[in-house]
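Report on one structure; see the data block that follows.
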Amino acid sequence: MSDRIFKRKIYQKLLEWKEQDNGSTALLIEGARRIGKSTIVEEFAKNEYESYLLIDFSIANKIVKDAFSDISNLDFLFTTLQVSYGVSLTPGKSLIIFDEIQKCPLARQAIKHLVKDGRYHYIETGSLLGIKMKKRPNSDGTKILIPSEERRITMYPMDYEEFRMALGDSATMSLAKGVFDKWTPLGEAINRKLMRDFRLYVLVGGMPQAVNAYLDTQDLSRVDQVKRNIINLYDADFYELDPSGKTSMLFHAIPAQLNTKASRYQVGRVINGSRADRLGKPLSILRESMTTNIAFHSNDPSVGLAMNINPDCFKLYCGDTGLFVTLAFWDSDFTSNDIYKKMLVDKLSANLGYVYENIVSQMLVSAGKKLYYHTWYNENNTRKYEVDFLIPDGSKISVIEVKSSQSKLHSSIDNFIRKYSARIQQSYIIYTKDMRKDGAIKCIPFYMTPFL
């Protein structure tokens with residue numbers, strides 16, 4: 001399989017950190033496993049520094065790890081690292097990368113003193129950081145001191161623009177943004193082509209290994225196997241942290257739960273007799289591992305959505321929709337090309353509304369949005385309405401409804417507008433057709449979601 005280095009937007013943030021902080025902080029990059037953190041950081045080191053030293057703590061030997069148990073002599077520490085890795089470091093011109101930092105808590109604790117020393121720049125990468133650190137105290141039983149000299153950024157799977165760039169298309173998304181800003185419909189012929197391109201992203205997803213497999217083979221069943229390997233890796237992490245298996249059960253049930261169209265993730269149907277308020281650890285693992293995105297119910301949909309959430313009423317989405325599609329067909333050893341082909345041309349008989357809802361959640365999170373939704377009953381308590389997503393928009397909120405079907409009805413968002421009109425900045429329906437306006441509602445195709 002080819003070894004490609006994909007263009008990632010986070011590279012610009014790395015450049016900004018280097019220029020703005022100039023060694024006064026260490027950069028901590030958090031994100032789920034297999035999203036490309038290590039690859040992009042090493043590429044950055046090769047391009048932007050005279051030399052670099054990469055310590056992968058998942059495979060580092062005992063000598064290297066033990067070197068961080070006593071950092072009273074930093075000269076000795078740096079000598080040990082340079083000799084161990086055969087790398088010469090130059091003060092002010094070299095970068096030290098702590099990869100999988102959660103495997104060596106003492107190295108993270110040392111960041112405070114390494115940054116103060118000022119000789120080199122430091123980048124840390126890791127997954128399951130918060131959880132892993134709590135499980136690994138110092139030898140005397142105390143918890144490690146989390147350094148305040150860290151600047152944190154979050155990395156996600158490849159977004160749609162990055163996916164298009166990986167396929168050699170650097171124009172589509174910038175052109176679509178211009179069309180969105182000017183509100184000029186593309187025409188259904190062009191939209192159909194762009195939606196077909198977008199569905200390929202939905203199926204492959206944004207995990208670099210899956211994208212690489214697609215570019216090598218154009219075989220979606222081969223891509224599916226790569227995604228299954230990643231899910232198995234996630235399962236291994238879940239079972240390490242939660243041997244009861246509850247975390248894995250909650251993760252695997254995400255497609256089925258969304259497909260029920262229930263107004264919340266129904267924990268009791270996945271784990272008999274359980275309630276959300278009794279599953280703090282599994283839900284914390286799913287959240288902190290960044291394998292999932294959580295949308296909380298906002299009890300009072302207005303600016304300051306986070307202040308009015310119900311923590312026990314939520315929906316779970318997969319952090320990568322490519323993995324979500326594979327989870328949806330997990331009952332087979334692999335998802336066949338026939339299923340993928342039908343999904344690609346939107347001809348699969350199964351209702352795929354839950355897949356589209358997941359991809360919208362992923363794109364909103366990648367764009368820096370928190371996820372909230374709202375449900376309510378009509379005046380007679382005879383019908384329940386739901387809007388899929390609420391996002392802050394200036395001093396107000398914007399409301400989003402996701403529609404995968406051809407139906408032109410949108411009673412939930414219509415009722416929401418009537419009920420909360422004074423609070424709404426903009427109303428959107430995200431669907432498969434060309435952009436248009438339906439009264440006060442802006443209807444946009446899925447690939448324009450990042451522009452909200």
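When side chains are defined from C-beta on, I153 counts as touching L14, because their heavy atoms get closer than 4.5 Å. In this structure, the side chains of L323 and M207 come closer than 4.5 Å at one or more pairs of heavy atoms. Put simply, the side chain of M173 does not reach to within 4.5 Å of the side chain of F163, judged on heavy atoms. A heavy-atom distance below 4.5 Å is found between the side chains of V402 and F446. Taking 4.5 Å as the limit, every side-chain heavy atom of T39 sits out of range of all side-chain heavy atoms of F6. Here the side chains of Q109 and L106 are in contact, with some heavy-atom distance below 4.5 Å. Taking the side chain as every heavy atom from C-beta outward, I441 and E401 never approach each other to under 4.5 Å. S289 places a side-chain heavy atom less than 4.5 Å from the side chain of F238.
Considering every non-hydrogen atom in both E188 and D434, the closest pair reads OE2-N, 2.8 Å. The nearest pair of heavy atoms linking P450 to A367 is O-CB, 4.4 Å. Across all their heavy atoms, I10 and T154 have their closest contact at CD1-O, 4.3 Å. What you find for L250 and P282 is that their closest heavy atoms are CD1-CB, 3.8 Å. Shown here for P208 and R8, the closest heavy-atom pair between the two residues is CG-NH1, 3.8 Å. Taking both residues in full, the closest heavy atoms of Y85 and V64 are given as CE1-CG2, 3.8 Å, listed atom of the first, atom of the second, then distance.
The aromatic rings of F180 and F451 lie tilted to each other, with the angle between the two planes from 30° to 60°.
Aromatic ring centroids of Y317 and F324 lie 6.0 Å or more apart. Taking the centre of each ring, F314 and H297 stay at or above the 6.0 Å mark. A centroid separation of less than 6.0 Å is found between the aromatic rings of F98 and F68. The ring of Y385 has its center no closer than 6.0 angstrom to the ring center of F416.
Remark: side-chain polar atoms of Y372 are not paired, donor with acceptor, to backbone N or O of P392 under 3.5 angstrom. Proximity of a side-chain donor or acceptor of K369 to a complementary backbone N or O of L452 within less than 3.5 Å is detected. Under a 3.5 Å cut-off, the side chain of E124 and the backbone N or O of I101 do not form any donor-acceptor pair. Although no hydrogens or angles enter the test, the distance criterion places a donor-acceptor pair under 3.5 Å between the side chain of K403 and the main chain of L409. Of the possible polar contacts, one joining the N358 side chain to the C318 backbone as a donor-acceptor pair under 3.5 Å is found. Using a distance-only test at 3.5 Å, with no hydrogens or angles considered, a donor-acceptor pair links the side chain of K227 to the main chain of L203. Under a 3.5 Å cut-off, the side chain of D320 and the backbone N or O of G206 do form a donor-acceptor pair. Checking side-chain atoms of N415 against main-chain N and O of S411 turns up a donor-acceptor pair under 3.5 Å. With hydrogens and angles ignored, the 3.5 Å screen pairs a side-chain donor or acceptor of E162 with a backbone N or O of D159. Here the side chain of H374 pairs no donor or acceptor atom with the backbone of V387 at under 3.5 angstrom.
Tested against S127, the residues R34, R33, E30, K37 include a single side chain to side chain donor-acceptor pair (under 3.5 Å) partner, K37. Here the rule is side chain to side chain donor-acceptor pair (under 3.5 Å) with Y11, and of E43, E48, E16 only E48 fits it.
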I'd like to know whether L316 forms a side chain to side chain contact (heavy atoms under 4.5 Å, CB included) with I294, so could you lay out the CA-CA distance, the side-chain angles of the two residues, the decisive distance to 0.1 Å, and finally the verdict.
CA-CA 5 Å; L316 284 179; I294 300 181; 3.3 Å; yes

Mind running side chain to side chain contact (heavy atoms under 4.5 Å, CB included) on C313 and Y373 for me, showing each step along the way?
CA-CA 10 Å; C313 186; Y373 71 103; 3.4 Å; yes

Criterion side-chain hydrogen bond (donor to acceptor under 3.5 Å, both in side chains) on N229 and Q225, from CA distance to verdict
CA-CA 6 Å; N229 292 343; Q225 188 56 61; 3.3 Å; yes

Tell me, with the steps shown, if Y428 and D388 meet side-chain hydrogen bond (donor to acceptor under 3.5 Å, both in side chains).
CA-CA 11 Å; Y428 297 100; D388 296 313; over 6 Å; no

Pair F198-R164, side chain to side chain contact (heavy atoms under 4.5 Å, CB included): steps then yes or no:
CA-CA 9 Å; F198 180 75; R164 293 308 311 168; over 6 Å; no

Applying side-chain hydrogen bond (donor to acceptor under 3.5 Å, both in side chains), run through D99 and S38 and close with a yes or a no.
CA-CA 7 Å; D99 196 22; S38 304; 2.8 Å; yes

Determine, step by step, whether I391 and S398 satisfy the side chain to side chain contact (heavy atoms under 4.5 Å, CB included) criterion, reporting the C-alpha distance in whole Å, the side-chain angles of both residues, the deciding distance to 0.1 Å, and the verdict.
CA-CA 5 Å; I391 56 175; S398 286; 3.9 Å; yes

Walk me through it: do Y354 and Q257 pass the test side-chain hydrogen bond (donor to acceptor under 3.5 Å, both in side chains)?
CA-CA 9 Å; Y354 63 136; Q257 283 288 305; over 6 Å; no

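Rounded to the nearest 0.5 Å, atoms CZ (R199) and CG (L194) are 11.0 Å apart. Of the inter-residue distances, the one linking I430 atom CD1 with M448 atom CE reads 11.5 Å to the nearest 0.5 angstrom. One finds the CG atom of L279 at 11.5 Å from the OG atom of S284 (value rounded to the nearest 0.5 Å). Taking CD1 from I400 and OG1 from T449, the interatomic distance works out to 7.0 Å, rounded to the nearest 0.5 Å. Between the CD1 atom in I40 and the NZ atom in K7 there is a gap of 10.5 Å [rounded to 0.5 Å]. The CG atom of L344 sits 4.0 Å away from the CZ atom of R196 when rounded to the nearest 0.5 Å.
In the displayed structure, R269 atom CZ is contacted under 6.0 Å by at most 12 heavy atoms of other residues, nucleotides or ligands. For K13, the NZ atom counts as loosely surrounded, since its 6.0 Å shell holds 12 or fewer non-hydrogen atoms of other residues, nucleotides or ligands. Heavy-atom contacts from other residues, nucleotides or ligands closer than 6.0 Å to CZ of R151 number more than 12. By the 6.0 Å contact criterion, NZ on K370 is open, its count of non-hydrogen atoms from other residues, nucleotides or ligands being 12 or less.
No hydrogens or angles considered: a donor-acceptor pair under 3.5 Å links the side chains of N191 and Y447. Side-chain atoms of N378 and R383 include no donor-acceptor pair closer than 3.5 Å.
Between R418 and D414 no salt bridge is recorded (no basic side-chain N to carboxylate O distance below 4.0 Å). The pair K315-E386 meets the salt-bridge criterion, with a side-chain N (NZ, NE, NH1 or NH2) lying under 4.0 Å from an Asp/Glu carboxylate O.
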